[in-house]
Amino acid sequence: MTKTALITGATAGIGYELSKIFARNKYDLILTARNEKGLQSVKEELEKEFGVKVYYFAKDLTNPSSPEELYKEVNAQNLVVNVLVNNAGFGEIGAFAEIELQKEINMIEVNINAVTKLTNLFLKDMLKRKEGKIMNVASTAAFQPGPLMAVYYATKAYVLSLTEAIANEINGSGVTITALCPGPTKTLFQKTAKMDAVRLFKYLKVAEAKDVAQYGYDQIMKGKVVAIPGLMNKIGAQSVRFSPRKMVTKITRLLQEQN
């Protein structure tokens, strides 16, 4: 039987590339994002190119009720979610005391609360069926504090910790959960976060979204718990475990600053 993947933040970047990869592998898709026109465009493109069924629900995940609404609407159409990809997320660069508080609250709503709610709702159904896969898109930001993006880094640390803990709880259940932790990637993220001029994106190797998406797809299919694409990202993520926290924080601050 055809399986179905639900992907949030599906109209651009890693989410869009994942949508194409799942469609290429003959998954039907349930896509969600804020931009309804973008969703309609992706639906038409993927159905035409890959011959799969694509459903979409325009949802703003900064709205606390959106995850439950999405879950109910998916069930109302008798759709079974075999794979859940919590990809939607955003960041904002600047000193914590200077960023508008509502932006930070919205970031927590999307990056933490929506991920938590959707994971909980769909995981319960997967456990009943003893089958399913979840991928939460975290970041290499999850491994250290992030001055000038304090809340964003903290949200990704939450996503990583949550995913690792759930993976332990559901081990042997037939359901797997993966935290994808990409480093700098060419997406709309850096433009939205106003990061085009910071050292992190100017001087470090920036991955292509399609490569990160393919790596993530391969790892979720293997049931990998923590998936870090790229050798340097793997080394960086591990090195902070053995380095003084104060030094790690200073280095992260330097990377976040404009040259």
Side-chain angles (χ1 to χ4, degrees), residues 1-90 106 109-111 113-115 117-119 121-123 125-126 129 131-137 177-178 180 182 185-192 207-221:
M1 293 180 63
T2 302
K3 292 189 175 183
T4 302
L6 190 164
I7 302 171
T8 69
T11 55
I14 295 171
Y16 169 67
E17 297 296 341
L18 279 167
S19 298
K20 290 198 291 184
I21 292 168
F22 275 101
R24 189 177 301 123
N25 285 276
K26 299 306 177 185
Y27 277 78
D28 287 342
L29 297 171
I30 304 168
L31 307 180
T32 185
R34 291 184 298 176
N35 183 349
E36 186 162 4
K37 288 184 178 179
L39 287 167
Q40 178 65 35
S41 177
V42 174
K43 168 186 167 69
E44 292 172 359
E45 174 192 347
L46 299 184
E47 287 185 336
K48 181 178 180 181
E49 184 172 356
F50 299 107
V52 298
K53 292 181 181 177
V54 180
Y55 308 85
Y56 71 82
F57 301 88
K59 295 292 178 184
D60 182 351
L61 293 179
T62 64
N63 184 336
S65 65
S66 287
E68 288 89 349
E69 291 173 1
L70 176 61
Y71 177 74
K72 289 177 181 178
E73 290 171 22
V74 167
N75 283 337
Q77 294 204 26
N78 296 315
L79 298 171
V80 175
V81 174
N82 305 101
V83 180
L84 167 65
V85 179
N86 282 308
N87 167 74
F90 72 95
N106 288 346
E109 198 62 52
V110 176
N111 295 9
N113 292 346
V115 171
K117 291 174 183 179
L118 290 172
T119 298
L121 292 167
F122 287 102
L123 175 62
D125 293 340
M126 291 177 181
R129 299 194 307 268
E131 177 275 332
K133 296 180 182 295
I134 297 173
M135 183 164 73
N136 294 328
V137 178
I177 187 166
T178 300
L180 176 63
T185 306
K186 291 179 184 177
T187 68
L188 292 176
F189 173 88
Q190 63 264 36
K191 183 176 181 179
T192 303
E208 296 289 341
K210 64 180 180 179
D211 296 331
V212 172
Q214 186 62 59
Y215 177 85
Y217 176 86
D218 293 341
Q219 299 309 304
I220 191 176
M221 290 301 140

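No experiment lies behind these values; they were computed from the predicted model shown.
No donor-acceptor pair closer than 3.5 Å links the side chain of Gln219 to the backbone N or O of Leu180. Within the 3.5 Å criterion, the main-chain N or O of Thr8 finds no donor-acceptor partner in the side chain of Asn86. Here the side chain of Asp28 pairs no donor or acceptor atom with the backbone of Val52 at under 3.5 angstrom. For the pair Thr32 (side chain) and Phe57 (backbone), a donor-acceptor distance under 3.5 Å is present. Without hydrogens or angle criteria, Lys210 side chain to Glu17 main chain gives no donor-acceptor distance under 3.5 Å. Ser41 contributes no side-chain N or O that, together with a main-chain N or O of Lys37, makes up a donor-acceptor pair within less than 3.5 Å.
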_Assess the residue pair Val81 and Asp125 against the criterion (side chain to side chain contact (heavy atoms under 4.5 Å, CB included)); give the C-alpha distance rounded to whole Å, side-chain angles, the decisive distance to 0.1 Å, and a yes or no._
CA-CA 9 Å; Val81 174; Asp125 293 340; over 6 Å; no
*Might you work through the side chain to side chain contact (heavy atoms under 4.5 Å, CB included) test for Thr4 and Tyr55, ending with a clear yes or no?*
CA-CA 10 Å; Thr4 302; Tyr55 308 85; 5.6 Å; no
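Among the candidates Tyr27, Tyr16, Phe50, the single residue satisfying the ring pair (Phe, Tyr, Trp, His ring centres under 6.0 Å) test with Phe22 is Tyr27. Of the residues listed (Thr178, Val212, Asn87, Val115), the one engaging Val137 in a side-chain contact (heavy atoms from CB on, under 4.5 Å) is Asn87, and it is the only one.
Side-chain contact check for Leu61 versus Glu109: every heavy-atom pair is 4.5 Å or farther apart. Residues Pro64 and Lys117 are in side-chain contact: their nearest non-hydrogen atoms beyond the backbone lie under 4.5 Å apart. Considering only heavy atoms from C-beta on, Val54 comes within 4.5 Å of Leu31 through its side chain. Using a 4.5 Å cut-off on side-chain heavy atoms (C-beta onward), Ile177 and Asn136 make contact.
Taking all atoms of both residues into account, the shortest heavy-atom contact from Ala209 to Gly13 is CB-C, 4.0 Å. The shortest heavy-atom contact between Gly9 and Ala88 is N-CB, 3.8 Å.
Listed by first and then second residue, the salt bridge (Lys or Arg N to Asp or Glu O under 4.0 Å) pairs involving residues 70-88 are Lys59-Glu73 (not counting sequence neighbours).
Rounding to the nearest 0.5 Å places CZ of Phe90 at 6.5 Å from CG of Asn111. Atom CE of Met126 is separated from atom OG1 of Thr119 by 9.0 Å, given to the nearest 0.5 angstrom. How far CG of Leu18 is from CE of Met135: 4.5 Å, rounded to the nearest 0.5 Å. Note: Ser65 OG to Leu70 CG = 11.0 Å, rounded to the nearest 0.5 Å. With rounding to the nearest 0.5 angstrom, the CD1 atom of Ile14 is 4.5 Å from the OG1 atom of Thr185. Atom CZ of Arg24 is separated from atom CD of Gln214 by 7.0 Å, given to the nearest 0.5 angstrom.
Between Glu131 and Arg129 there is a salt bridge, since a side-chain N of the basic residue sits under 4.0 Å from a carboxylate O of the acidic one. For the pair Lys48 and Glu44, the salt-bridge criterion is not met [side-chain N within less than 4.0 Å of a carboxylate O].
Residue-environment remark: NZ (Lys3) stays at or below the threshold of 12 foreign heavy atoms within 6.0 Å. More than 12 heavy atoms of other shown residues, nucleotides or ligands fall within 6.0 angstrom of atom CD in Glu69.
With sequence neighbours excluded, the residues satisfying side-chain hydrogen bond (donor to acceptor under 3.5 Å, both in side chains) with Tyr56 are Gln40. Remark: Asp60 pairs with Arg34, Thr62 by the side chain to side chain contact (heavy atoms under 4.5 Å, CB included) rule, at least two apart or across chains.
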